[in-house]
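Just so you know, these numbers use all the heavy atoms, side chains as well, and skip hydrogens, waters and symmetry mates. Each chain gets a letter, A, B and so on, in the order its sequence line appears, and its residues count up from 1.
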Amino acid sequence: MSHVTLDFRLNGTGRTELIAGGETLLSLLRHRLDTTSIKQGCRQGTCGSCTVIVDGEPRLACITLAATCDGCTIETAESLPGPGGLHPLQQAFMDHFAAQCGFCTTGMLMAAKALLAANPSPTREDVVDAISGNICRCTGYQPIIEAVLAAAGAGPSGAGQPGGSRPGVV
Amino acid sequence: MARRRGRGIASVNYPIGMNLGGDPSQALVHSNPGGKFTVALSSIDLGQGMKSVVRQICAEALGVPVEDVFVDTADSDTGPHCMGSFASRGTHRVGNAVIAAAEEARGVLLEAAAEKLEVDAADLVTDGRGNIHVRGAPSRLITVADASAAAQFEQGRTVSGRGIFLVPMSTPDPETGAMDPVTCYAHACTVAEVEVDDETGEVEVISIEAAYEVGRAMNPRLVEQQLVGGGWMGMSHALWETTEPYYPDRSHGPTDFNQYLMPGPGDICEQRFTILERPAPDGPYGGKGVGEMCSTPPIPAIANAIFDAVGVRIDEMPFTPEKILRALKEQGGAR
Ligand code: FES
Ligand code: FES
């Protein structure tokens with residue numbers, strides 16, 4: 001298979017890689033560049049666990065040809081923590097117990113990050129829509145939706161508040 | 001033709017663990033010379049929070065801060081044996097094994113401290129903040145770290161303990177078939193509210209409300225996390241998921257997420273829970289388990305709600321529009 005060179009920015013760093021023409025972005029980032037936050041779930045575009053952000057848009061890395069990303073800016077969950085610690089979305093996911101096994105979490109975080117970049121004050125419907133391509137087997141989605149809404153409420157610098165009514169212990 | 005609302009109830013008595021080969025779990029606890037403790041397990045945390053709960057249990061039994069306990073579930077080849085993470089058994093079985101191991105390690109720790117303080121180990125207590133002192137005399141103290149170091153560098157003791165928990169195997173009485181396989185039950189009651197479209201056969205779950213009796217909620221947020229996720233799983237089993245529609249024939253079975261369907265974030269319903277605490281006599285600090293049981297009662301509750309809404313009994317999962325429409329046709333419509 002013919003190889004081409006690919007210039008792109010990955011999490012703020014400029015890179016040039018030699019890639020095979022048919023190589024997917026998932027294979028390049030996860031298997032060759034060790035960006036292991038990207039999970040390989042279904043490899044056919046149905047689970048969302050490989051979601052990354054390409055030029056501001058959420059994209060499924062498993063069905064994106066790396067060759068189509070020449071000149072692109074790519075963000076993965078590795079880029080989320082800032083100098084001050086966790087990203088507000090990460091903090092909100094922790095506060096809301098929005099991860100169990102964690103397999104979907106990085107994809108959820110990237111889908112949510114792309115949403116909040118485009119729409120800083122989403123409604124619940126907007127959040128549901130944004131994560132509807134991401135499957136979670138564990139949480140029942142409710143904690144994830146609450147976490148994203150809380151992170152949106154907290155703005156870019158603050159951390160989300162645990163919300164919702166807790167069950168009473170009797 | 002209408003959307004009809006119905007409400008159904010289901011209760012569950014959930015046996016914690018199982019009865020095969022005694023269903024044992026083992027734990028090893030040891031302190032490093034700095035006074036931090038490691039719990040070695042083969043038990044796996046699938047995301048249900050077992051590591052957090054084991055950490056809490058171990059810290060409580062040792063009498064040290066929870067931050068000073070680490071849980072290592074890295075390797076089932078090198079860790080002490082565990083039957084596995086299923087049947088809501090983790091908190092109960094593993095928790096009990098961890099208490100046994102931690103108590104043995106604590107005994108050594110107090111012996112080491114007693115030797116340093118020149119007192120009887122039976123007169124020592126821990127303050128849960130990293131100190132050991134003479135009962136009633138808080139100033140006569142030694143830190144856990146110093147006692148642990150003394151044990152390992154001066155006294156030649158390992159600050160360690162072994163624990164196992166096993167429910168004796170119960171076999172059926174040959175005359176009556178009676179057996180006693182379970183020592184501990186958790187309980188729940190679930191009310192599901194649904195709307196059934198009697199034209200399309202589609203079911204929408206409006207709400208799930210449930211009370212769960214979990215023994216002791218070791219970590220109420222983790223219990224809640226299990227209940228919310230488990231409620232979703234129950235709803236998914238009830239209405240969506242099926243591996244083999246023509247079981248045991250594999251044909252037309254789903255092979256990917258386009259065919260193996262589960263409710264998405266837009267399909268979830270409101271869920272409300274009450275947690276009841278009735279400590280189990282043989283549970284670790286009264287704890288039972290909640291992991292698997294919470295996915296079960298929504299299923300019969302939804303089936304009963306469908307019956308309440310349109311009068312048909314669907315007794316095969318999942319309750320698909322096709323099954324509901326066929327039953328409605330046979331019945332001559334909703335009632
Ligand atoms: S791995 Fe890409 S969508 Fe499942
Ligand atoms: S936390 Fe397990 S798949 Fe979402």
Checking B:Q56 side chain against B:M218 main chain: does a donor-acceptor pair fall under 3.5 Å?
-> yes
A:R30 vs A:T35, side-chain contact (heavy atoms from CB on, under 4.5 Å): CA-CA, chis, key distance, verdict = CA-CA 5 Å; A:R30 179 177 171 84; A:T35 320; 5.8 Å; no
Report, by ascending residue number, the residues of residues 137-144 of chain A in heavy-atom contact with chain B at a distance under 4.5 Å; give 'none' if the set is empty.
-> A:R137, A:C138, A:T139, A:G140, A:Y141, A:Q142, A:P143
Could you pull out all donor-acceptor pairs under 3.5 Å where a side-chain atom in residues 51-58 of chain A meets a protein atom, sequence neighbours excluded?
{"from": "A:T51", "atom 1": "OG1", "to": "A:G48", "atom 2": "O", "distance (Å)": "2.5"}
{"from": "A:T51", "atom 1": "OG1", "to": "A:N134", "atom 2": "ND2", "distance (Å)": "3.4"}
{"from": "A:D55", "atom 1": "OD1", "to": "A:T73", "atom 2": "N", "distance (Å)": "2.8"}

If you measure from the Lys or Arg side-chain nitrogens to the Asp or Glu carboxylate oxygens, is any gap between B:R278 and B:E213 under 4.0 Å?
-> no
Those residues at least two apart in sequence (or on a different chain) that pass salt bridge (charged side-chain N to carboxylate O under 4.0 Å, His left out) with A:R9 are none
Determine the option with the most heavy-atom pairs under 4.5 angstrom with chain A, choosing from B:N258, B:D256, B:L227.
-> B:D256
Side chain from CB out, backbone as N, CA, C, O: work out which of these in A:Q44 comes under 4.5 Å of a heavy atom of chain B, or both, or neither.
-> side chain
Go through the atoms of A:I135 and report whether side chain, backbone, both or neither lie under 4.5 Å from a heavy atom of chain B.
-> side chain
Can you tell which of B:G266, B:G229, B:P265, B:A211 has the highest number of heavy-atom pairs within less than 4.5 Å of chain A?
-> B:P265
Atom pair OG1/NZ of B:T91 and B:K288 - distance to nearest 0.5 Å | 12.5 Å
More than 12 foreign heavy atoms under 6.0 Å from CE of A:M94: is that the case here?
-> no
Which pairs of donor and acceptor atoms, one on a side chain in residues 112-121 of chain A, lie under 3.5 Å apart (sequence neighbours left out)?
{"from": "A:K113", "atom 1": "NZ", "to": "A:E75", "atom 2": "OE1", "distance (Å)": "2.5"}
{"from": "A:N119", "atom 1": "OD1", "to": "A:S121", "atom 2": "N", "distance (Å)": "3.3"}
{"from": "A:N119", "atom 1": "ND2", "to": "A:D126", "atom 2": "OD2", "distance (Å)": "3.1"}

Honestly, the part of B:L46 sitting under 4.5 Å from a heavy atom of chain A is backbone
